Amino acid sequence: MRLGLYFSIGKMIPDHARHRLLNSSSVASLRKSNQKVRPQLFLANIGQLITLRYSSLKPGPRRGSGLKELGIIENGAVLCLGGKIVSVGTTKDALRDPWLKKNRKKVTEIDCAGKVVLPGFVDSHTHPVFVSPRLMDFEKRIEGASYEEIAAAGGGIRSSVEGVRTAGKRVLVEKVLTVLGDMAAHGTTTVEAKSGYGLTVESEMKSLEAIRDAASRWPGTVIATLLGAHVVPKEFQGRSPKYVELVCKEMIPLAAKRRLAQFVDVFCDKGAFTAVEAEQIFEAATQHRLSVRAHVGQLSETALGPFLRFNPASLDHMDHVREDDIAELARHDTVATLVPGANYFLGLKEYPPARKLIDAGVPVALATDYNPGTSPTLSMPMAMSLACTHMKMTPAEAIAAATINGAWALRVAERKGSIEPGKDADLAVFAVDDYREIPYWFGVNRCALTVINGVVAHPQ
Ligand code: NIG
Ligand code: FE
């Protein structure tokens, strides 16, 4: 497929450094020069430019065969001005363009030398605000204990709470910032970040503030979610309704008032919150004009019908899902976000029924579920690899699920998730010849360069 070139000429600011890719000193100076001025970046000689441009005029997340449409341009080029993508096409056409001919010396140029460029990944489900890894859980599980048994024995989510409650906010900010930097190094440019290991009003707000403060020091986009309803904390044991009341009457109003979260999430499953409690939490979120999403069907089946009236942006995990709910979801724009890293790390044989969902027309996204208990990976290519090998998604479907459908799951698809004029200049350059190699080379990071808002964010 060939795309036309659309130039929208911004105000030009002199800046000229032309760089070949992957010379680290030149990349460092490129980053420096870019930061001083309104960035003007031209990526040329892209072996496969994965635009994710969509032929259908029907708005909404990708579903069915739409998940396979990558809009590939061979020998592509992208021009980014002022942090936005202004032009997408072939290198040949770009070099013939009169504007670029005239201004080429003023534009920072990256020769991609045949590599693959795709939209920065949108990781739409992560839990980055915690202090320590859960190594006891890890070993116990290896010895044969299940997720529920570990939680019942004092491990699990509750065992991450003390660390967050006693940590100063600065410690949490540094933890989150480190993860965001590592994510960018793996090609991720937009991240959803949940609270959920504080479980008091104060510690949940501290966690959300840590997300906000870390986000302010990271060039990418962070969407914050209040997950006060992650699990009932031990001081409320046996008094779950009282804790739900705290979430609804104090945490949600405060997070909304202080503009600390865009979404409210709830872990609706056995050992966590019931469907009725989840609905109460959704009611409170809606009253405070926060959008909703939920962890559902990870450990047991829950009927999804009652949730859909709240128009959740996403329902996540979905290992267990009813046939009638699959048919119903296919009629909604709620995205089913699958997180196979959790299945892998828990050593499960079963994975979410991605094929069934996709074939029925449910929009599917992929995310890492980065967290200390079930999915300590921040690598979207790893999640994609698992989706291909264990859930039988094709590499093309995995890419669309990790980019444009992640953007839909966060309601940022108007500016993220595809390489099209007008969208944010968030791009990942992979040192591979073919996009299928991204999920193929598992356990290794092939991301050579990450551009965020038109500026090189990785390598630093
Ligand atoms: O998405 N399921 C609930 N929450 C996380 C697990 C968090 C944890 O174990 O710390 C998840 O898998
Ligand atoms: Fe999760």
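If you're wondering where the values come from, they're calculated on a predicted model, not measured in any experiment. As the structure lists them, so they are numbered: ligands from 1, and atoms in each ligand from 1.
With 3.5 Å as the limit, one finds a donor-acceptor pair spanning the side chains of Asp269 and Ser300. For the residue pair Thr221 / Lys416, a side-chain donor-acceptor distance below 3.5 Å is found, with atom types taken as modelled. Arg53 and Ser418 share no donor-acceptor pair across their side chains, judged by distance under 3.5 Å alone.
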Test side chain to side chain donor-acceptor pair (under 3.5 Å) applied to Thr200 and Glu202, step by step: CA-CA 5 Å; Thr200 61; Glu202 192 199 339; 5.2 Å; no
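Contacts classified as salt bridge (Lys or Arg N to Asp or Glu O under 4.0 Å) and involving residues 382-402 (residues at least two apart or in different chains) are given here: Lys68-Glu397, Arg355-Glu397.
Residue-environment remark: OH (Tyr351) exceeds the threshold of 12 foreign heavy atoms within 6.0 Å.
Classification of the His230-His295 ring pair by plane angle, with boundaries at 30° and 60°, yields tilted.
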Report every pair formed by an N or O atom of ligand 1 and a protein N or O atom separated by less than 3.5 Å, giving atom names and the distance to 0.1 Å.
residue	atom	partner	partner atom	Å
ligand 1	1 (O)	His127	NE2	3.4
ligand 1	1 (O)	His295	NE2	3.1
ligand 1	1 (O)	His317	NE2	2.8
ligand 1	1 (O)	Asp369	OD1	2.9
ligand 1	1 (O)	Asp369	OD2	2.8
ligand 1	2 (N)	Gln298	OE1	2.6
ligand 1	4 (N)	His230	NE2	2.8
ligand 1	9 (O)	Arg134	NH2	2.8
ligand 1	9 (O)	Tyr147	OH	3.2
ligand 1	10 (O)	Arg134	NH1	2.9
ligand 1	10 (O)	Arg134	NH2	3.2
ligand 1	10 (O)	Tyr197	OH	2.6
ligand 1	12 (O)	Gln298	NE2	3.4
ligand 1	12 (O)	Asp369	OD2	3.0
ligand 1	12 (O)	Thr374	OG1	2.7

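Cation-pi geometry between Arg436 and Tyr440 is not satisfied (NZ or CZ under 6.0 Å from the ring centre, within 45° of the ring normal).
Shown here are the protein N/O/S atoms lying under 2.8 Å from the Fe ion (ligand 2), water excluded: His125 NE2, His127 NE2, His295 NE2, Asp369 OD1.
Listed by chain and residue number, Glu279, Glu283 satisfy the salt bridge (Lys or Arg N to Asp or Glu O under 4.0 Å) test with Arg309 (two or more places apart in sequence, or in another chain).
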